[in-house]
Amino acid sequence: MAERVAIILAAGVSSRMNTQIAKVLHEVCGRPMLAYVLDACRKVGVSKIYVVVGFSAGQVKERFDGNDIVWVQQDKQLGTAHAVLCCKEHLKDFTGETLVLCGDAPLIQGEMLRTLMEKREAEQSAAILATAVLDDPTGYGRIIRDAYGNIQGIIEDGDCTREQLAIKEVNPSYYLFNNTVLFEAIEKVRPDNVKKEYYLTDAVSDIIATGHKVTAVTAVRPEEAMGVNSRAELSTASKIMQRRIQRQLMEEGVTIVDPDNTWIDARAQIGQDTVIEPFTYIHGEVKIGQGCRIGPFAYLRHGTVLKNDVVLGVYAEVKNSTLADGVRVRHHSYIGDATVGQNVNVGAGSVTANFDGEKVNRTSIGNDCYIGSGAILIAPLELKDGLHVGAGTVVSQESVDKLGQKD
Ligand code: UD1
Ligand code: MG
């Protein structure tokens, strides 16, 4: 097998997003778009990933690490072919195969790339692309075929004639090239189009015109073909990703009572036989054990760890806290920056007051404690095992220490 590398195009300014943030950093289910594209590349094994950055390059580089990433600077965003050309110094002598992907297409999956690789290998083509048929192809490059159905090239939306605009077969913009053929064609691209940009799609058309064999994986599912160019598309991509996350969790034995009214971050982990009731929002790196009951209307935030058989009920919010086996927090409570021991019961409306106006403080609740309704636990605070806190009590470390002295 030939050595394989990937180029991910991520330098674009993204005027349609109307943003100061690099487009590929906009998040889909809690992770930046680029993270998913990197995942897909890593799944199929590439020796290096050249990520072309430009607009807000510093922001992008800060968010990612990995020995396999090579950052390539594109100072002026002159188009997708120009972005590839920026990798020439690194790849001019490389004779293997090169995947080219867009950083704004987070729905790409490893399986898709594997299909491209296997088909190119079997067909011995110089390049292979994917195509998808969309009900609404607006904005995408259209696939142009001759009378025999052979692909002749790709024409960008803005450059299409009226007839071409009606074509529903589009370019999702992921390709696998023989690297030498790719760079030969890239060098020839000229900005002869409406946008005056150097289009990667023109390189594909040129490779075909030169007589090289170019094949395609057709009928890619529309959801895998999607590129994100606007906030509306970002929300659509997030919905699709959310369905994938939930489907995966359900396969792993998690019950999600109402998937449409539940939101689970891509980074969350949930154990077998846990039930997620409707209107639950799980955000950030959250770890939930087995046999838990979460929601309805629960809000779990970054850094939450629930061990097994934990019950979080209606309007319970938990942040950056670890709740041991059998903890019950059923109604209207906030647990922030706390460690809660086994079988603790937290009554309705009890909160950890974890922020003193300057800093966030921790609360530690021992095993088998009983916290009555409406208690306010003022952090920093440590409650020993088995302690009962009466309903409506305001508990500070000082008051607990005094109790200890009376014993
Ligand atoms: C591109 C394709 C189009 C395809 C669509 C699929 C071209 C010319 N067009 O269009 O055929 O249907 O994707 O989503 O390739 N970028 C750079 N440097 C640049 C310009 C762009 O790195 O100078 C990056 C962008 O950050 C983005 C990607 O390349 O991640 C694609 O650019 P974008 O402007 O989104 O192209 P589309 O119009 O979506
Ligand atoms: Mg795009």
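No hydrogens, no waters, no symmetry mates; every other heavy atom, side chains included, goes into these values. Owing to the predicted nature of the structure, the values given are computational and were not obtained by experimental measurement. In each ligand, atom 1 is the first atom listed, and ligand 1 is the first ligand listed.
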[atom] [closest protein heavy-atom partner, distance rounded to 0.1 Å]:
atom                    : result
atom 2 (C) of ligand 1  : E156 OE1, 3.7 Å
atom 13 (O) of ligand 1 : S173 CB, 3.7 Å
atom 14 (O) of ligand 1 : G227 CA, 3.8 Å
atom 23 (O) of ligand 1 : G79 N, 2.8 Å
atom 28 (C) of ligand 1 : C102 SG, 3.6 Å
atom 26 (O) of ligand 1 : G12 N, 2.8 Å
atom 18 (N) of ligand 1 : Q74 OE1, 2.7 Å

Using heavy atoms and a 4.0 Å limit, tell me yes or no: is [X] in contact with ligand 1?
X    : answer
N229 : yes
A105 : no
H82  : no

[X] and [Y]: side chain donor to acceptor below 3.5 Å:
X    : Y    : answer
N361 : D356 : yes
E197 : N193 : no
T352 : N354 : no

More than 12 heavy atoms from other groups under 6.0 Å of NZ on K188 =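 Result for NZ/K188: enclosed.
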
key: CD/E382: more than 12 non-hydrogen atoms of other groups inside 6.0 Å   =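 For E382, atom CD is not crowded (no more than 12 foreign heavy atoms under 6.0 Å).
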
Side chain [X], main chain [Y], donor-acceptor under 3.5 Å:
X    : Y    : value
D157 : G139 : yes
Y36  : G103 : no
S125 : I128 : no

key: Derivation of the side chain to side chain contact (heavy atoms under 4.5 Å, CB included) call for K88 and F183   = CA-CA 7 Å; K88 189 179 159 190; F183 278 88; 4.0 Å; yes

inquiry  = Please evaluate residues D39 and R31 with respect to the criterion salt bridge (Lys or Arg N to Asp or Glu O under 4.0 Å), reporting the C-alpha separation (whole Å), side-chain torsions for both, the decisive distance (0.1 Å), and the verdict.
reply    = CA-CA 11 Å; D39 281 356; R31 297 178 77 211; 2.9 Å; yes

Under the salt bridge (Lys or Arg N to Asp or Glu O under 4.0 Å) test, residues paired with R362 that sit two or more places apart = none

Does the N or O separation between [X] and ligand 1 drop below 3.5 Å for any pair?
X    : answer
L9   : yes
A225 : no
K76  : no

query = Got a second to check how far I186's CD1 is from T80's OG1, nearest 0.5 Å?
reply = 7.5 Å

Test log, rule side chain to side chain donor-acceptor pair (under 3.5 Å), inputs T262 and Q246 = CA-CA 9 Å; T262 302; Q246 294 193 12; 5.0 Å; no

task = Out of T80, D159, T201, D104, indicate the one that has the non-hydrogen atom closest to atom 35 (O) of ligand 1.
result =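 Considering heavy atoms of T80, D159, T201, D104, the nearest to atom 35 (O) of ligand 1 sits in D104.
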
task = Could you pull out, from N171, V24, V100, V13, the option with a heavy atom nearest to atom 12 (O) of ligand 1?
result = N171

Give the atoms of ligand 1, by number and element, whose distance to some non-hydrogen atom of [X] is under 4.0 Å.
X    : result
A83  : 17 (C), 18 (N), 22 (O)
A11  : 17 (C), 18 (N), 22 (O), 26 (O)
G103 : 30 (O)
R16  : 34 (O), 38 (O)
Y199 : 8 (C)
L78  : 23 (O)
G141 : 3 (C), 4 (C), 11 (O), 12 (O)

task = Please name the residue in the list Y299, F297, Y315 that meets the ring pair (Phe, Tyr, Trp, His ring centres under 6.0 Å) test with F279.
result =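 Passing option: F297.
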
ask   = Is P172 touching ligand 1 with its side chain, its backbone, both, or neither, if touching means heavy atoms under 4.0 Å apart?
value = backbone

inquiry  = Side chain, backbone, both or neither: which applies to K23 and ligand 1 if a contact is any heavy-atom pair less than 4.0 Å apart?
reply    =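 For K23, the contact with ligand 1 is made by the side chain alone.
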
Pair Y50 + H90: ring centers closer than 6.0 Å = yes

ask   = So which of I154, T218, V217, N171 actually passes side chain to side chain contact (heavy atoms under 4.5 Å, CB included) with T131?
value = T218

key: Result of checking V254, V318, T274 against I294 for side chain to side chain contact (heavy atoms under 4.5 Å, CB included)   =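 Considering V254, V318, T274, a side chain to side chain contact (heavy atoms under 4.5 Å, CB included) with I294 is found only for T274.
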
query = Hey, does Q152 have a side-chain heavy atom less than 4.5 Å from the side chain of S205?
reply =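 Contact flag for S205/Q152 side chains = no.
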
request  = May I ask you to list the protein N, O or S atoms found at less than 2.8 Å from the Mg ion (ligand 2)?
outcome  =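 Atoms qualifying: D104 OD2, N229 OD1.
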
